[in-house]
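Structure first, commentary second.
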Amino acid sequence: VQLQASGGGLVQAGGSLRLSCTASGISFSLNRMGWYRQVPGKQREFVASNLGGATGYADSVKGRFTISRDNTKNTLYLQMNSLKPEDTAVYYCSTVPPSGFWGQGTQVTVSS
């Protein structure tokens with residue numbers, strides 16, 4: 001299983017980023033996929049999930065983040081708007097619940 005997240009970067013508060021995650025080695029279209037994030041010294045936390053038309057979000061990102069997917073490309077997306085400094089973290093994708101495979105993640109840094 002390979003999960004490659006990309007699209008992170010440095011952005012000012014209020015800005016936007018779009019993350020992508022390309023998966024291989026799994027039946028992507030059949031799996032609920034999700035985004036997670038981790039800050040050094042803290043546990044990895046759930047951000048958003050998607051399976052077909054059903055989506056779910058952590059309260060902290062609801063109304064600001066949108067998860068989507070393209071099953072033809074085995075790719076998961078996370079559109080992040082109105083970013084806040086507390087969104088700073090390394091973002092990962094995985095199945096929901098997590099399969100144990102995480103990939104490298106992508107760093108998102110939001111400056112105030």
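A 4.5 Å side-chain heavy-atom check between Phe65 and Leu78 finds at least one atom pair inside the cut-off. Residues Ile67 and Met33 fail the side-chain proximity criterion, which asks for heavy atoms closer than 4.5 Å. Looking at heavy atoms from C-beta onward, Tyr36 lies out of side-chain contact with Cys93 at the 4.5 angstrom threshold. Looking only at side-chain heavy atoms (C-beta outward), Val11 and Thr109 stay at 4.5 Å or farther from each other.
The salt bridge (Lys or Arg N to Asp or Glu O under 4.0 Å) check on Glu45 picks up Arg37, with sequence neighbours excluded. For the salt bridge (Lys or Arg N to Asp or Glu O under 4.0 Å) test, no residue two or more places apart in sequence or in another chain qualifies with Lys42. In this structure Ser68 satisfies the side-chain contact (heavy atoms from CB on, under 4.5 Å) test together with Tyr77, sequence neighbours excluded. Residues satisfying the side-chain hydrogen bond (donor to acceptor under 3.5 Å, both in side chains) test with Arg32, not counting sequence neighbours, are none.
Partner of Gln38 under the side-chain contact (heavy atoms from CB on, under 4.5 Å) criterion, out of Trp102, Tyr91, Tyr92: Tyr92 alone.
Counting non-hydrogen atoms of neighbouring residues, nucleotides and ligands closer than 6.0 angstrom, the CD atom of Gln107 exceeds 12 such neighbours.
Aromatic rings from Trp35 and Phe46 are positioned such that their centres are separated by 6.0 Å or more.
For residues 8-18, the side chain to side chain donor-acceptor pair (under 3.5 Å) pairs, not counting sequence neighbours, are Ser16-Asn81. Pairs passing the salt bridge (Lys or Arg N to Asp or Glu O under 4.0 Å) check and including a residue from residues 65-86, sequence neighbours excluded, do not occur.
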